[in-house]
Amino acid sequence: LADALPVRARSALWLCSAAMSTGDLAIRCSNILEWLLSRRVIPEDYGRLLTGVEAKVQQALSQPVSDEAAKGYIAKHKEAVTYFVAGDIYEAIAKSPEGKAKSLLGAHTDPAAAKWKAVLDAYRRRKLGWASEARELIQLVSYEIPALKKHLAACDRQAHDCTQRQAELRRSEENARLRYELLLQELGI
């Protein structure tokens, strides 16, 4: 399961480590947003604010990117860009020669780098990255991990059934070979 969800697992660890720093980790995963709200870590209108961030993400996605690593991240996570994915995309763009170019005031001259920097700033501004990753964690724990567990159990069942069928076929083959040899001996061949 960990190999299938590297960025998501990293985001889950980030949220858990942040919770552990306060000493209060005994919360249900489905209640993590309420927990963050009750401690005033994220704003109460985080849902509305996240739609604004998602609009910035769509603008950044429409901007052409020249870096191959960033293109790979975008292609892989185009449907669900969270805080950590946006960070990975920005880092890849910022490491490219176009992304390293900055103006006199320190702003990126590459439009793609500037857009992805704006996305990261929007996530960081009111700790919306926490809300975004909390939503992702709830999605993983509630739906995707149980689905992967069911798929794993089905694959294990199928492998077990195939192993049993293979053993049965070997026994049938051995019995058929023995009957054949006995028949040949009876006939004197």
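For the single chain, residues carry numbers from 1 onward in sequence order. These numbers were taken from a predicted model, which means no experiment stands behind them. Heavy-atom basis, side chains included; hydrogens, waters and symmetry copies ignored.
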Note, [X] side chain near [Y] side chain (heavy atom, < 4.5 Å):
{"X": "R124", "Y": "L120", "result": "yes"}
{"X": "K102", "Y": "T109", "result": "no"}
{"X": "Y83", "Y": "V53", "result": "no"}
{"X": "I42", "Y": "R126", "result": "no"}
{"X": "V141", "Y": "P146", "result": "no"}

Where is the tightest heavy-atom contact between [X] and [Y], given as atom of each residue plus distance?
{"X": "A131", "Y": "Y46", "answer": "CB-CD1, 3.9 Å"}
{"X": "A86", "Y": "V119", "answer": "CB-CG1, 3.9 Å"}
{"X": "L33", "Y": "A134", "answer": "CD2-CB, 3.6 Å"}

With [X], which residues qualify under side chain to side chain contact (heavy atoms under 4.5 Å, CB included), at least two apart?
{"X": "A69", "value": "D67, A92"}
{"X": "Q59", "value": "K115"}
{"X": "L182", "value": "Q185"}
{"X": "L178", "value": "E174, E181"}

Open item on the list: Under the ring pair (Phe, Tyr, Trp, His ring centres under 6.0 Å) definition, can you give me all pairs with a residue in residues 139-175, not counting sequence neighbours?
Closed with: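 As it turns out, there is no ring pair (Phe, Tyr, Trp, His ring centres under 6.0 Å) pair with a partner in residues 139-175 once direct neighbours are skipped.
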Task: Where at least one partner belongs to residues 100-121, residue pairs that pass ring pair (Phe, Tyr, Trp, His ring centres under 6.0 Å), sequence neighbours excluded - done: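 Qualifying pairs: Y90-H108.
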Open item on the list: As a quick check of understanding, evaluate side-chain contact (heavy atoms from CB on, under 4.5 Å) for L50 and S132, giving each step before the final call.
Closed with: CA-CA 8 Å; L50 278 176; S132 169; 4.2 Å; yes
Rounded to the nearest 0.5 Å, what separates atom [atom1] in [X] from atom [atom2] in [Y]?
{"X": "L140", "Y": "R135", "atom1": "CG", "atom2": "CZ", "answer": "14.0 Å"}
{"X": "I32", "Y": "W130", "atom1": "CD1", "atom2": "CH2", "answer": "8.5 Å"}
{"X": "L152", "Y": "R157", "atom1": "CG", "atom2": "CZ", "answer": "10.0 Å"}
{"X": "E98", "Y": "I93", "atom1": "CD", "atom2": "CD1", "answer": "10.0 Å"}
{"X": "D88", "Y": "K76", "atom1": "CG", "atom2": "NZ", "answer": "9.5 Å"}

Open item on the list: How about CD on E173, more than 12 heavy atoms from neighbouring residues, nucleotides or ligands closer than 6.0 Å, or not?
Closed with: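 No, not enclosed.
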Open item on the list: Please determine whether the number of non-hydrogen atoms from other residues, nucleotides or ligands lying under 6.0 Å from atom CD of E168 exceeds 12.
Closed with: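 Correct, the count exceeds 12.
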Open item on the list: Between D121 and R125, does the salt bridge (Lys or Arg N to Asp or Glu O under 4.0 Å) criterion hold? Intermediate values first, please.
Closed with: CA-CA 6 Å; D121 291 344; R125 189 166 296 121; 5.4 Å; no
Open item on the list: Do T82 and E136 pair up side chain to side chain, a donor and an acceptor below 3.5 Å, judged on atom types alone?
Closed with: no
